[in-house]
Number of protein chains: 2
Amino acid sequence: MNPATSSSRQPKAEAGASAAPTFSPLYRQIKQLILQRLQAGEWRPGDPIPSEIDLAARFNVSQGTVRKAIDELAAEKLVLRRQGKGTFVATHSEARAQFRFLRLKPDVGDAHYPDNTILEARRLRAPADIARQLDVRSGDSMIFMRRLQSFGGAPTILEELWLPGAIFKGLSVERMQQYKGPMYALLETEFGVRMIRATESLRAVAADADAAALLRVKPGAPLLSVERLSYTYGDKPVEVRRSFYVTAHHHYENELS
Amino acid sequence: MNPATSSSRQPKAEAGASAAPTFSPLYRQIKQLILQRLQAGEWRPGDPIPSEIDLAARFNVSQGTVRKAIDELAAEKLVLRRQGKGTFVATHSEARAQFRFLRLKPDVGDAHYPDNTILEARRLRAPADIARQLDVRSGDSMIFMRRLQSFGGAPTILEELWLPGAIFKGLSVERMQQYKGPMYALLETEFGVRMIRATESLRAVAADADAAALLRVKPGAPLLSVERLSYTYGDKPVEVRRSFYVTAHHHYENELS
DNA sequence: AAGTGGTCTAGACCACTTT
DNA sequence: AAGTGGTCTAGACCACTTC
């Protein structure tokens with residue numbers, strides 16, 4: 001209950017198993033406690049979390065320790081600090097967060113949010129490969145969506161989304177078809193499922209006839225294939241996204257550091 | 001000289017210019033001082049920097065302030081902390097640092113360092129576009145290198161490197177031709193120029209006849225084009241690298257966070 | 001035992017925002 | 001004026017490495 005009491009700290013000498021890497025410092029325990037509350041939805045995206053002083057009192061630790069815990073959460077972009085105002089649960093419903101997951105930038109000019117055309121949206125059974133990636137059973141109900149995104153009238157991104165039906169139960173095909181904004185904002189506000197991290201796998205591939213027609217390129221033309229796996233709290237995978245980017249006037253921008 | 005005295009802190013009321021964003025906290029001033037010494041080569045890659053207590057005494061601030069400065073340098077991977085041993089200037093000559101800038105991973109199995117075949121290595125005049133990127137004058141002397149990298153005998157990466165001749169004065173074409181290891185390690189150990197950051201721009205392109213022959217793909221086959229601009233201390237650009245990756249059995253891996 | 005980085009505390013004060 | 005995050009200090013102790 002109280003992380004500061006000796007009972008909740010790890011004993012200096014490990015009694016049992018040999019290779020257990022059980023130690024973690026107090027601030028990291030506090031971080032986990034805050035994480036649990038975030039994950040449980042105790043504070044919703046956009047809401048302020050309690051002040052550092054408040055949390056320090058709750059957990060019976062010093063403000064500095066809470067601070068270090070929140071430092072890490074802020075570095076992972078799970079919360080957002082604003083001096084003088086407070087610390088807020090990060091959200092996809094902000095202009096600044098809009099492009100965090102879209103690395104395709106125009107060669108000239110500024111990035112804008114694309115126009116969406118939904119090509120298809122329905123429920124399907126999970127194919128084996130998708131099921132494996134999302135850690136569900138093959139054949140489980142999935143939400144599937146296929147859409148075309150255009151910049152300034154030029155079709156540029158063709159993509160498929162797969163979401164586990166079990167998590168997004170109330171999500172109707174109609175709702176998706178009419179919704180034109182950023183997907184992650186919809187999933188967050190309507191289902192409280194926040195994407196916090198993703199891995200992408202990029203390849204150059206040749207356009208098949210279908211993709212070529214939709215993206216208005218020649219069949220066999222090179223396309224940038226991007227397969228994304230997105231995760232929510234607890235490293236739980238919740239979306240597979242397979243995209244094809246036309247890179248004639250856009251490029252995928254990446255920072256190595 | 002002494003950042004802790006009031007004289008070197010910013011005055012609360014800015015006297016002169018209107019929009020000067022001149023304030024920075026003490027720990028960031030300390031960070032700059034350490035950075036200057038790193039940049040000046042006072043401590044070489046792989047060497048330990050002075051201990052936190054030592055630095056605190058030198059700069060006449062508390063250990064906690066030095067610590068926060070080093071925290072940021074460690075986060076930017078300019079230094080490496082090792083508990084019980086000290087803090088060390090980061091280097092490319094370590095196994096762990098070898099893959100920091102190579103995002104191409106095999107679809108199955110573990111990443112290995114590729115076999116290099118140097119196709120070409122000589123001095124050239126800088127073309128306009130390269131000169132612009134490296135912030136030198138068009139026509140300045142450049143070191144140019146073209147090489148083919150193979151994994152398990154399969155040619156996979158074809159790339160061109162451009163380096164400003166002025167910075168790497170003593171670098172002979174012969175030295176480059178015989179050297180088969182990681183380029184960044186060579187540049188660091190022999191010239192003290194350490195790459196600390198890079199931006200990459202990715203596109204899908206069609207292989208031209210030359211690239212196709214070297215990479216053993218059909219002309220017109222899709223290749224992943226990667227243009228990298230690498231920076232050293234002070235955000236000074238020091239390398240342009242233009243690569244073509246064959247992504248049949250490899251993929252470019254990226255983490256979005 | 002001594003030296004290094006890593007954690008934790010308690011308190012002071014600063015900078016920013018809202019009331 | 002009050003509340004929030006941000007900075008800075010001084011000191012204690014822990015964990016790890018080397019001597």
Side-chain angles (χ1 to χ4, degrees), chain A residues 2-6 8-14 20-34 43 47-75 78-90, chain B residues 2-6 8-14 20-34 43 47-75 78-90:
Chain A
N2 175 356
T5 60
S6 61
S8 67
R9 301 304 300 274
Q10 292 80 0
K12 272 119 200 201
E14 269 300 320
T22 37
F23 175 78
S24 80
L26 186 49
Y27 75 85
R28 213 170 281 266
Q29 299 175 41
I30 302 298
K31 180 187 173 189
Q32 286 307 315
L33 291 174
I34 298 174
W43 312 304
D47 287 352
I49 70 173
S51 74
E52 294 176 357
I53 292 176
D54 186 339
L55 289 168
R58 288 195 204 196
F59 297 137
N60 197 14
V61 299
S62 78
Q63 185 184 349
T65 299
V66 168
R67 192 166 176 74
K68 186 144 190 187
I70 295 179
D71 276 346
E72 291 202 351
L73 294 172
L78 296 179
V79 299
L80 194 67
R81 317 184 90 136
R82 282 194 264 173
Q83 190 178 33
K85 299 189 73 172
T87 301
F88 300 79
V89 182
Chain B
N2 174 357
T5 59
S6 61
S8 67
R9 301 304 300 274
Q10 292 81 3
K12 272 120 203 201
E14 269 299 318
T22 38
F23 175 79
S24 77
L26 185 50
Y27 74 86
R28 215 171 281 265
Q29 299 176 40
I30 301 300
K31 179 187 173 187
Q32 287 307 316
L33 291 175
I34 298 174
W43 311 304
D47 286 352
I49 70 173
S51 74
E52 294 177 357
I53 292 176
D54 186 340
L55 289 169
R58 286 194 204 197
F59 296 138
N60 198 13
V61 299
S62 77
Q63 185 184 349
T65 299
V66 169
R67 191 166 176 74
K68 187 145 189 186
I70 295 180
D71 276 346
E72 291 201 351
L73 294 171
L78 297 179
V79 298
L80 193 67
R81 317 184 89 138
R82 283 195 262 171
Q83 191 178 31
K85 299 188 72 172
T87 301
F88 300 79
V89 182

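Throughout, a chain's letter reflects where its sequence line sits, starting with A, and its residues are numbered from 1. Below, all heavy atoms of this structure are taken into account, side chains as well, without hydrogens, waters or symmetry copies.
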Please determine whether a side-chain nitrogen or oxygen atom of [X] lies at a distance below 4.0 Å from atom OP1 or OP2 of [N].
{"X": "Arg81(B)", "N": "dG6(C)", "answer": "yes"}
{"X": "Ser51(B)", "N": "dG3(C)", "answer": "no"}
{"X": "Lys85(A)", "N": "dT18(C)", "answer": "yes"}
{"X": "Ser62(A)", "N": "dC8(C)", "answer": "no"}

Interatomic spacing from CZ in Arg28(A) to NZ in Lys31(A) - rounded to 0.5 Å: 5.5 Å

5' priority, DNA chain C, between Thr65(A) and Gln83(A) [closest heavy atom]: Thr65(A)

Are [X] and [Y] close enough that some pair of their side-chain heavy atoms sits under 4.5 Å apart?
{"X": "Ile30(A)", "Y": "Leu55(A)", "result": "no"}
{"X": "Thr87(B)", "Y": "Leu73(B)", "result": "no"}
{"X": "Phe59(B)", "Y": "Ile34(B)", "result": "yes"}
{"X": "Arg81(B)", "Y": "Asp71(B)", "result": "yes"}

Separation of [X] atom [atom1] from [N] atom [atom2], in whole Å?
{"X": "Tyr27(A)", "N": "dT9(C)", "atom1": "OH", "atom2": "P", "value": "13 Å"}
{"X": "Glu52(A)", "N": "dT7(D)", "atom1": "CD", "atom2": "C1'", "value": "12 Å"}
{"X": "Gln63(B)", "N": "dT7(D)", "atom1": "CD", "atom2": "C1'", "value": "16 Å"}
{"X": "Lys31(A)", "N": "dC8(C)", "atom1": "NZ", "atom2": "P", "value": "13 Å"}
{"X": "Arg67(A)", "N": "dT7(D)", "atom1": "CZ", "atom2": "C1'", "value": "8 Å"}
{"X": "Ile70(A)", "N": "dG6(D)", "atom1": "CD1", "atom2": "C1'", "value": "12 Å"}
{"X": "Ile49(A)", "N": "dT4(D)", "atom1": "CD1", "atom2": "C1'", "value": "12 Å"}
{"X": "Lys68(A)", "N": "dG5(D)", "atom1": "NZ", "atom2": "P", "value": "19 Å"}

For dG11(C), the Watson-Crick or wobble counterpart (both distances under 3.5 Å): dC8(D)

Pairing partner (Watson-Crick or G-U wobble, both distances under 3.5 angstrom) of dT17(D): dA2(C)

